[in-house]
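Note sheet for the following structure.
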Amino acid sequence: MMDVPGIVVMGASGRMGRMLVQSVQESPVMRLAGALERPGHEWIGRDVGEAMGGAALGVAVNDDPLEAMAGAQAVIDFTAPAATVEMATLAAQARAVHVIGTTGLTDDDIAKIDLAARHAVIVRAGNMSLGVNLLTVLVRKVAAALDEDFDIEVVEAHHRHKVDAPSGTALMLGEAAADGRGHGLKEVYEAARDGITGARKRGQIGFSAIRGGDIIGEHDVIFAGPGERLTLSHSATDRSLFAKGALKAALWGQGRRPGHYSMLDVLGLGAS
Ligand SMILES: NC(=O)c1ccc[n+]([C@@H]2O[C@H](COP(=O)([O-])OP(=O)(O)OC[C@H]3O[C@@H](n4cnc5c(N)ncnc54)[C@H](O)[C@@H]3O)[C@@H](O)[C@H]2O)c1
Ligand SMILES: O=C(O)C1=N[C@H](C(=O)O)CCC1
């Protein structure tokens, strides 16, 4: 087993962390090398399998990233922005591929990740699923094909625990749409509306977010034109979808040149 890549799961007790521990454990082409949680978390020191309510996996939950990454080849990180930015530097030091699923990152956070990616392989995506990444390609094409008579709106829905909006996926889709029309998203971004907003501005891309229950992730990109409306949609029905993409990224990153890559690179769907 030592010749397959060792994977550290960061945020092991989280919704995605548990899914990742299980997926790595079930994979024949990688091994679970470590499990990380934030200092003070009740799982620290416990076997991660037992903490998850199952059989022991022989991996104790750690709060020391460098210790957890000793002898590991990748760290998969679906946590929170501050933790992810810190991990980017530490993973580079440990020469581990850093797969980032964390969303809600600011421009400043991304600039710090870019710096770390000068010395390390980082794969980052607001959504690791094949379907959403393919959808970004379609959205870019449709946005380029339809002129600004077609208003673009991105509508997303997620579970009640989600802390960031718009979702990372919504931003990926908005960026693809803006790019299709030759803009950066910031130039045409229209945040959620409230009150007397005035009429919609031509060419803007609007964002709306629904939060409730246990919705895993729903995204619609609406192209609303005169007399007709086109909607491109993606529904996630199982979180294992995101874990599957993250594992693929961790393997893809092995032996690559340093850089800040996207899932489009991993999936061979075009330039990032
Ligand atoms: N890119 C994707 O495909 C994708 C899919 C699902 C979720 N996400 C994103 O992943 C992130 C996590 O989502 P979630 O639903 O699992 O959240 P969650 O709150 O259930 O889990 C986050 C975990 O990270 C842990 N954590 C925080 N700081 C840490 C640190 N310094 N070291 C180690 N662990 C730390 C928390 O204790 C928690 O267990 C969010 O940003 C979410 O938007 C991305
Ligand atoms: O559950 C979440 O949180 C999700 N986050 C990602 C996003 O922000 O788009 C992907 C979907 C699930």
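First listed ligand is number 1; within each ligand, the first listed atom is number 1.
- Of all atoms in ligand 2, numbered sequentially from 1 with element shown, those under 4.0 Å from a heavy atom of T103 are 7 (C), 8 (O).
- With a heavy-atom cut-off of 4.0 Å, A246 does not touch ligand 1 at all.
- Between G217 and ligand 2, no pair of N/O atoms sits closer than 3.5 Å.
- Atom OH of Y261 and atom CH2 of W252 lie 5.5 Å apart (nearest 0.5 Å).
- Under 3.5 Å, the side chains of T106 and D108 contain no donor-acceptor pair of N or O atoms.
- Every atom of ligand 2 with a heavy atom of F242 under 4.0 Å away is listed here by number and element: 11 (C), 12 (C).
- Close to ligand 1: K162, with a non-hydrogen atom less than 4.0 angstrom away.
- By the 3.5 Å distance cut-off applied to N or O atoms, T102 is not counted among the residues near ligand 1.
- Distances below 4.0 Å separate heavy atoms of I216 from the following atoms of ligand 2: 12 (C).
- Aromatic ring pairs are classed by plane angle as parallel below 30°, tilted from 30° to 60° and perpendicular above 60°; the pair H161 and H159 is tilted.
- Here the heavy atom of the protein found nearest to atom 11 (C) of ligand 2 is H158 NE2, 3.4 Å.
- Here the options are D109, T103, T79, the test is side-chain hydrogen bond (donor to acceptor under 3.5 Å, both in side chains), and the partner is T84; only T79 passes.
- With a heavy-atom cut-off of 4.0 Å, R239 does not touch ligand 1 at all.
- Those atoms of ligand 2 with a heavy atom of G126 less than 4.0 angstrom away are 6 (C), 7 (C), 9 (O), 10 (C).
- Short contacts between ligand 2 and S167, defined as distances under 4.0 Å to a heavy atom of the residue, involve ligand atoms 7 (C), 8 (O), 9 (O).
- Annotation for ligand 1: atoms under 4.0 Å from non-hydrogen atoms of A83 are 28 (N), 29 (C), 30 (C), 31 (N).
- A donor atom on one side chain and an acceptor atom on the other are not found under 3.5 Å apart for H41 and D63.
- Residue-to-ligand polar distances keep P39 apart from ligand 1: every N/O pair is separated by 3.5 Å or more.
- Ligand 2 has a nitrogen or oxygen under 3.5 angstrom from a nitrogen or oxygen of K162.
- Contacts of M16 with ligand 2, taken as heavy-atom pairs under 4.0 Å, are absent altogether.
- Counting the atoms of ligand 2 from 1 in the order shown, those under 4.0 Å from a heavy atom of T169 are 7 (C), 9 (O), 10 (C).
- Checked by atom type, the side-chain pair D114/H260 shows a donor-acceptor distance below 3.5 Å.
- Using a 4.0 Å cutoff on heavy atoms, H159 counts as a contact of ligand 2.
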